[in-house]
There are 2 protein chains.
Amino acid sequence: MALVNPTLQTPVTTADKVFQQMLHAIVEGHIAAGSKISEPELAKQYQISRSTLREALNRLEKCHLIERKPNIGSKVVECTIEGLLEIYVVRESLEGMACRQAAIYMTDQEINEMKDMLTQHASMQALKEGTAYYQEEGDLDFHYKVILGSHNQQLINILCGQLYHLVRMYRCQFGMNSPRASKAFDEHSRIIEAIADRDGELAEMLMRRHIAASRKNIENKIAEKQQQN
Amino acid sequence: MALVNPTLQTPVTTADKVFQQMLHAIVEGHIAAGSKISEPELAKQYQISRSTLREALNRLEKCHLIERKPNIGSKVVECTIEGLLEIYVVRESLEGMACRQAAIYMTDQEINEMKDMLTQHASMQALKEGTAYYQEEGDLDFHYKVILGSHNQQLINILCGQLYHLVRMYRCQFGMNSPRASKAFDEHSRIIEAIADRDGELAEMLMRRHIAASRKNIENKIAEKQQQN
DNA sequence: ACCATAAAAATTGTCGACAATATATAGATT
DNA sequence: AATCTATATATTGTCGACAATTTTTATGGT
């Protein structure tokens, strides 16, 4: 029930279905990052015409998962360290604001649901005596809920509809940018507290620190790796 | 030489050209906000096939200027007060961060160019003995420059490639959300100062206040209008 | 007169073919 | 042998036609 982007519509047209299949394939790396996309080849592979494949490609482009140059073709985006850090900067900014708005606009029911989710995650974390679950789906669930809690359609579209596909792609392919399990959980609780207190200013600050901490964590890992060489 | 989105590629394919024409038409209201888009009709109007028109529509959708429902069709987005306020929230967040990044990454040359631009705007403002120029193109130029100064491709894409088309659309159609001329100019100078001082924290704060002030200005006008009725 | 149903018209989605452009191959020249 | 040019191949862009779906209109019943 997790790892599913909340803005993803249920596919109705064939282009929709192929889009979602390709989305999955790109995020998981089955279609390699940076690789060129051959329209005739993929059309044959999915057993659809080139037109509908192009329709699917257009949606992937909308998510910033592929890039297109006129008369030349499409490429899957590359996963670079710089790209990852750029995404963190945007997330820090936007999710911080989303959190501030959530403190204003989330209903009491939504807040309670989020609290329930967190306790549920806590038990799961204990159950698995590890942090695997929380590192993966749980973290995303939390962030999605906050974003939706902003009740701001622009924020929701940009974050869930675009940026978070890339977030998941980087998480699958780099691996190193999963949440720092133990600390992340505490940070999440504090953020929910601030939202429940309707303290938007604090909520924004905490979310920004939460994301900035992840970014710095990665920057450190990078630095370590570079020292080894 | 302003009012031109810096991320807009020079059109190469016919779909590109039609896209830019329609972009212009929607922003200026020649294609009415909220109106339904008839593919056959527009294809005939632009003298292209429906396929290439659909290609253009896909790009408009990427800019969030039209919305599409499967098997039903496309509509131009509506200009609502709520929608405008949502955009301001996102701008406050993202442009604030862009400004912080600009203080880090802008080159000295870029900063000088921006200073030059501002003095040029000042003289124009005096020349026209009004604030028309600055209210329109000048303000956009300034904000574009800051955004580009972030050197963050994600920020640039989201702001220039998507959000600012909507900003311009609202400005054309509502009119009331143009910059508060006299104050805006001073605020712009202070922001540039902060960037030149490489004070990212201050730069972000000033930009956020600058945009928040515009938003509050609109909220007040709305409130006034509602009191009249 | 109103509502439900069925037929007709219009609109969107998908397909295959052709045109325009870019890439790869072969040949000629120095 | 290397470089430039010309040809051939492959890929992307555009077109018109058909299929599937939705909207409108017409019809009949209460």
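No hydrogens, no waters, no symmetry mates; every other heavy atom, side chains included, goes into these values. Each chain gets a letter, A, B and so on, in the order its sequence line appears, and its residues count up from 1. These figures come from a predicted structure and were not determined experimentally.
Looking at heavy-atom distances under 4.0 Å, B:L53 makes no contact with the nucleic acid at all. Note on A:L57: nothing from the nucleic acid sits closer than 4.0 angstrom, heavy atoms only.
A:E41 and A:Q45 share no side-chain donor-acceptor pair at under 3.5 Å. For the 3.5 Å distance criterion, the side chains of B:H151 and A:E86 fail to qualify, holding no donor opposite an acceptor. Looking only at atom types and distance, the side chain of A:D139 has no donor-acceptor partner in the side chain of A:H121 under 3.5 Å away.
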(request) Could you give me the CA-CA distance, side-chain angles and deciding distance for A:E95 and A:K145, then say whether salt bridge (charged side-chain N to carboxylate O under 4.0 Å, His left out) is met? (result) CA-CA 11 Å; A:E95 292 198 49; A:K145 278 242 160 47; over 6 Å; no
(message) Assess the residue pair B:R68 and B:N58 against the criterion (side-chain hydrogen bond (donor to acceptor under 3.5 Å, both in side chains)); give the C-alpha distance rounded to whole Å, side-chain angles, the decisive distance to 0.1 Å, and a yes or no.
(response) CA-CA 9 Å; B:R68 214 162 171 195; B:N58 272 318; 2.8 Å; yes
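Regarding A:I66, its CD1 atom lies at a distance of 13 Å from the C1' atom of D:dT12, rounded to whole Å. As a whole-Å value, the separation of B:E55 CD from C:dG13 C1' is 15 Å. Rounded to whole Å, atom P of C:dC15 lies 11 Å from atom CD of A:Q47. When the P atom of D:dG13 is taken as reference, atom CG of B:N58 falls 12 Å away, rounded to whole Å. The nearest whole Å value for the distance from the NZ atom in A:K44 to the C1' atom in C:dT14 is 20 Å. As rounded to whole Å, 14 Å separates atom C1' of D:dT12 from atom CD of A:E61. Atoms CG (B:L42) and P (C:dT11) sit 11 Å apart, rounded to a whole Å.
An OP1 or OP2 oxygen of C:dT12 is reached within less than 4.0 angstrom by a side-chain nitrogen or oxygen of B:K36. Here A:T13 does not reach the OP1 or OP2 of C:dT12: none of its side-chain N or O atoms lies under 4.0 Å away. Checking the phosphate oxygens (OP1, OP2) of C:dT12, no side-chain nitrogen or oxygen of B:R54 falls inside 4.0 Å.
Looking at A:K115 and A:D108, no side-chain N of the basic residue comes within less than 4.0 Å of a carboxylate O on the acidic one, giving no salt bridge.
Sorted by residue number, the list of members of residues 15-25 of chain B with any non-hydrogen atom under 4.0 Å from DNA chain C is empty.
The side chain to side chain donor-acceptor pair (under 3.5 Å) test with A:H210 singles out one residue from A:E92, A:R91, A:H143, and that residue is A:H143.
No more than 12 heavy atoms of other residues, nucleotides or ligands shown are found within 6.0 angstrom of NZ on B:K216. Dense packing is recorded around NZ of A:K36, with more than 12 heavy atoms of other residues, nucleotides or ligands lying under 6.0 Å away.
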Sub-3.5 Å pairs of nitrogen or oxygen atoms, protein against nucleotides 16-25 of chain D:
residue, atom, partner, partner atom, Å
D:dG16, O6, B:S51, OG, 3.2

